[in-house]
Visitor: 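I'd like to ask you about the structure that follows.
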Amino acid sequence: MFKITEQIITGAEVQQAVEAPDAGAIVLFLGTVRNNTDGRPVQHLEYEAYPPMAEKKMAEIAKEITNKWGIHHIAMMHRVGKLQIGEVSVAVAVASPHRKDGFKACKYAMNRLKQIVPIWKREVWADGEAEWVKPDAVFFEQPSEQT
Amino acid sequence: MFKITEQIITGAEVQQAVEAPDAGAIVLFLGTVRNNTDGRPVQHLEYEAYPPMAEKKMAEIAKEITNKWGIHHIAMMHRVGKLQIGEVSVAVAVASPHRKDGFKACKYAMNRLKQIVPIWKREVWADGEAEWVKPDAVFFEQPSEQT
Amino acid sequence: MKVTVKYFAVCHEMLNRSEEEMQLPEGSTVITILKRLEEEWPEIAEFYEVMQMSVNWEYATENTELTEGDEVALIPPVTGGTDV
Amino acid sequence: MKVTVKYFAVCHEMLNRSEEEMQLPEGSTVITILKRLEEEWPEIAEFYEVMQMSVNWEYATENTELTEGDEVALIPPVTGGTDV
C-alpha cells in the first residue's frame with residue numbers, strides 16, 4: 001500500500017497492510033507533528049503532495065527494498081492538508097522474516113522518502129506566520145540521490 | 001509501560017503508551033507467531049514468564065536506553081499463555097525526538113529483551129510434539145551479557 | 001504541441017496557480033518551459049539549481065524532450081516525512 | 001530460615017512443580033539450594049552451566065547469600081521475544 005491521503009493515518013492500518021503469516025517481524029515508523037520546531041511554537045502543519053508521482057516513488061522505494069533485502073511486505077502512507085499537533089504525517093511499515101533487516105528497511109524507506117517523494121511541508125507558527133520549509137543542507141549536497 | 005499479559009497485544013496500545021508532544025518519531029516493533037519454524041509447521045506457541053522479574057528487567061532496559069540516547073518514552077509488552085499463528089508475542093515502542101536514535105533504541109530493546117528478560121517459549125508442532133525452545137548459540141557464548 | 005505544467009508549494013505560491021496548459025513548438029525540451037517561466041518570474045532562475053523537474057511522474061533533466069500531452073511539473077526541494 | 005524457590009519452563013517440567021518453600025540453615029547461599037535439587041534431579045548439574053539463578057528478581061551467583069523470606073528462582077536460558 002502506497003498512499004497519499006487527507007484522512008487521519010493510524011499505525012494499525014499500515015500494520016494490517018503488511019501482516020503476513022511468513023513474516024514474524026513488523027517494524028513500524030510513525031512521524032507525528034511536534035508542538036515546536038527548534039523551540040518555536042507550531043500552530044499546525046500543512047502538507048502538499050504531487051499524489052500520482054508520490055505514490056509511484058513510494059512504490060519504487062519498496063522495489064529497492066525488495067532488491068536489497070528480499071522483503072515483500074511494505075506500506076507507506078503520507079498525509080496531506082492541515083495537520084494538528086500529535087497527528088501522524090507519515091507512516092512506514094515493513095514485515096520481514098528477520099527483524100534486523102526489518103529495522104534497516106524501515107529506516108531506509110524513511111530516508112529515501114525524504115529524498116525523492118514529492119511532498120512539501122508548510123509550517124504555520126503560533127504567532128501566525130507561515131512558510132514553506134526548506135530542506136536541510138544535506139539535501140543540497142546530495143542532489144544526485146534524488147534522481 | 002512494562003507489562004507481561006495474557007491478553008491480545010495490539011500495536012495501538014504500545015503506540016499510545018509512548019506518544020508525546022515533544023517526540024516526533026515513533027518506532028514500533030511487533031513480533032508475531034509464524035506458521036513455521038525452519039520449515040516445520042507450528043500449531044501454536046506457549047510462553048511462560050516470571051512476571052515481576054520480567055517487568056523489572058524491562059524497566060532496567062528502558063533505563064539503559066534513557067542513559068544511552070536520552071529517550072524517555074519506552075513501552076514493552078510480552079504475551080504469555082497460548083498464542084495462535086499471527087498473534088503478537090512481543091511489542092516494543094519508542095518515541096524519540098530523532099528517528100535515528102528511535103530505530104537504534106527499539107532494536108537495542110529487542111536484543112536486550114531476548115538476553116535478560118525471564119520469558120520462555122514452548123513450541124507445539126502441527127504433528128503434536130512440543131518442546132521448550134533452546135536459545136541459539138550466541139546465548140551460550142555471551143553469558144556475561146545476561147547479568 | 002500542448003503540455004500540462006504543474007506547480008507545487010513555493011512555486012504554486014509564487015506563480016499564483018497550481019497548473020496550466022502550455023502550447024510549445026515541436027522539439028521543445030524541459031528547458032523551453034523554464035525559459036518561458038523566467039520571463040514571468042525572473043527570480044525563478046535562482047531556484048533552478050535546487051529545483052527539479054518531472055515529466056510524466058518521473059524526474060527529468062533540462063534536456064528531456066517533450067511530446068504532446070506530457071505532464072510536466074516543477075519540483076521544489078521535497079520536505080515530506082518528518083524533520084526528526 | 002525459610003525461602004521460596006520458583007521453577008520455570010523446563011525446570012518446572014522436570015521437577016513437576018512451579019514453586020516450593022525450603023527450610024535452609026543460616027548462612028546458606030544459592031549453592032545450598034542447587035545441591036539440594038541435585039539430590040532429587042541429578043541431571044540438573046549439566047544445566048547449571050547455562051542456567052542462571054535469581055534472588056528477589058535480580059540475577060544472582062552461586063555465592064549470593066540468602067536471608068529469611070527471599071524469593072529464589074531457577075532461570076533456564078531465556079527465549080522470549082521472537083526468533084526472527
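Since this is a predicted model, take the numbers as computed values, not measurements. Reminder, nothing fancy here: chain letters follow the sequence lines and each chain counts from 1.
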Visitor: For a quick test of reading the model, state the closest non-hydrogen atom pair linking S89(B) to G81(D) and the distance between them.
Guide: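 Where S89(B) meets G81(D) most closely, the heavy atoms are OG-O, 3.3 Å.
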
Visitor: Tabulate, in ascending numerical order, the residues of residues 4-37 of chain B having at least one heavy atom closer than 4.5 Å to a heavy atom of chain D, or enter 'none'.
Guide: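 Against chain D, the residues of residues 4-37 of chain B that fall inside the cut-off (heavy atoms, under 4.5 Å) are F29(B), G31(B), R34(B), T37(B).
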
Visitor: Tell me whether E38(D) at atom CD has more than 12 heavy atoms from other residues, nucleotides or ligands lying less than 6.0 Å away.
Guide: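 For E38(D), atom CD is crowded (more than 12 foreign heavy atoms under 6.0 Å).
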
Visitor: Using non-hydrogen atoms and a 4.5 Å limit, figure out which bit of A49(B) sits close to chain D: side chain, backbone, both or neither.
Guide: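 Interface part for A49(B): backbone (N, CA, C, O).
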
Visitor: So do the side chains of W120(B) and I75(D) get within less than 4.5 Å of each other, counting heavy atoms only?
Guide: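 They are in side-chain contact.
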
Visitor: Return the minimal non-hydrogen interatomic distance between V78(D) and Q115(B), and the atom names on each side.
Guide: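 Closest pair (atom of V78(D), atom of Q115(B), distance): CG2-O, 3.4 Å.
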
Visitor: How far apart are the closest heavy atoms of W57(D) and K56(B), and which atoms are they?
Guide: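 Taking W57(D) first and K56(B) second, the nearest heavy atoms are O-NZ, 3.5 Å.
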
Visitor: Tell me, side chain or backbone of W132(B) under 4.5 Å from chain D's heavy atoms, or both, or neither?
Guide: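 Side chain only.
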
Visitor: How long is the straight-line distance from OH of Y7(D) back to CD of E48(B), given to the nearest 0.5 Å?
Guide: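 One gets 14.0 Å once the value is rounded to the nearest 0.5 Å.
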
Visitor: Determine the minimum heavy-atom distance between G80(D) and Y47(B), stating which atoms define it.
Guide: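 Between these two residues, the closest heavy atoms are CA-CE2, 4.2 Å.
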
Visitor: Would you please go through residues 92-110 of chain B and name the residues with a non-hydrogen atom below 4.5 Å from one of chain D, in numerical order?
Guide: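 Within residues 92-110 of chain B, the residues that come under 4.5 Å of chain D (heavy atoms only) are M110(B).
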
Visitor: What part of K121(B) gets closer than 4.5 Å to chain D, counting heavy atoms only: side chain, backbone, both or neither?
Guide: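 Both parts, backbone and side chain.
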
Visitor: Search all heavy atoms of E13(D) against all heavy atoms of R122(B) and return the closest pair with its distance.
Guide: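 Heavy-atom minimum between the residues: OE2-NE, 3.7 Å.
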
Visitor: As an exercise: rank M53(B), R79(B), H78(B) by heavy-atom pairs under 4.5 Å with chain D and give me the winner.
Guide: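 Ranked by contacts with chain D, first place is M53(B).
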
Visitor: Can you give me the closest heavy-atom contact between Y50(B) and A73(D), atom names plus distance?
Guide: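 Heavy-atom minimum between the residues: CE2-CB, 3.5 Å.
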
Visitor: Side chain, backbone, both or neither: which part of E60(B) has an atom under 4.5 Å from a heavy atom of chain D?
Guide: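 Answer is side chain: those atoms of E60(B) sit under 4.5 Å from chain D.
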
